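Report on the following structure.
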Amino acid sequence: MATASSKLSISIPILLFIVLSTLYQSSSAPLSSSSAHRNSTAAARKTNQIPSCNEFVSRSQCSHNPKCRWCHSDALDDMCFTKTEAWRLPQQVFVCDS
């Protein structure tokens, strides 16, 4: 005959398994329609934005954005930075367009 402690030691892992499997299933459930709409709206907004300065790979692309500055370096690759970043760069290493 099984004792109360052996029944308890068997039922705790089973109960734990049921709870964890329920939590896993609820976390992998598909997005609700409002969440899906919110995500698609955010993605649409992101594609309409002007790319950030560090995404420009040429001087001409960088100079077309008034918020960006093209910076030249003899030691490192030439790059496009935001105005603030360009201002903070060491003048011994980078020379930036105004």
Side-chain angles (χ1 to χ4, degrees):
M1 183 170 204
T3 64
S5 64
S6 66
K7 287 182 181 179
L8 185 61
S9 66
I10 292 172
S11 61
I12 289 178
I14 293 172
L15 181 61
L16 184 62
F17 174 77
I18 293 170
V19 169
L20 290 176
S21 65
T22 305
L23 289 174
Y24 176 76
Q25 289 173 353
S26 66
S27 69
S28 63
L31 294 172
S32 68
S33 63
S34 64
S35 295
H37 174 69
R38 205 172 324 134
N39 290 341
S40 66
T41 305
R45 233 183 283 128
K46 195 172 194 175
T47 58
N48 292 336
Q49 289 181 345
I50 297 172
S52 63
C53 295
N54 62 359
E55 293 176 7
F56 296 126
V57 293
S58 72
R59 185 178 193 162
S60 62
Q61 289 175 328
C62 185
S63 63
H64 280 70
N65 188 337
K67 296 180 180 180
C68 300
R69 297 289 178 259
W70 184 257
C71 298
H72 169 76
S73 171
D74 290 331
L76 301 170
D77 291 337
D78 297 352
M79 293 180 65
C80 188
F81 295 96
T82 63
K83 281 183 181 181
T84 306
E85 289 173 327
W87 181 76
R88 292 179 182 167
L89 291 172
Q91 293 179 355
Q92 300 87 346
V93 179
F94 287 96
V95 177
C96 300
D97 296 343
S98 55

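Fair warning: this is a prediction, and the values are worked out from it, not measured in the lab. Starting from 1, each residue takes its place in the sequence as its number.
Cys pair Cys53 and Cys68 passes the test of SG atoms under 2.5 Å apart.
Atom CE of residue Met79 and atom SG of residue Cys96 lie 10.5 Å apart, to the nearest 0.5 angstrom. Taking CH2 of Trp87 as the reference point, atom CZ of Arg69 lies at 14.0 Å (rounded to 0.5 Å). To the nearest 0.5 Å, atoms OG1 (Thr82) and CZ (Arg88) are separated by 8.0 Å. Here Cys62 contributes atom SG and Phe81 contributes atom CZ; the two are 9.5 Å apart, rounded to the nearest 0.5 Å.
Residues satisfying the salt bridge (charged side-chain N to carboxylate O under 4.0 Å, His left out) test with Asp97, not counting sequence neighbours, are Arg59.
For the residue pair Cys71 and Leu89, the shortest heavy atom distance occurs at SG-CD1, 3.8 Å. Counting all heavy atoms, side chain and backbone alike, Trp70 lies closest to Asp78 at CZ2-CB, 3.5 Å.
Side-chain atoms of Ser60 and Ser58 form a donor-acceptor pair, as typed in the model, at a separation below 3.5 Å.
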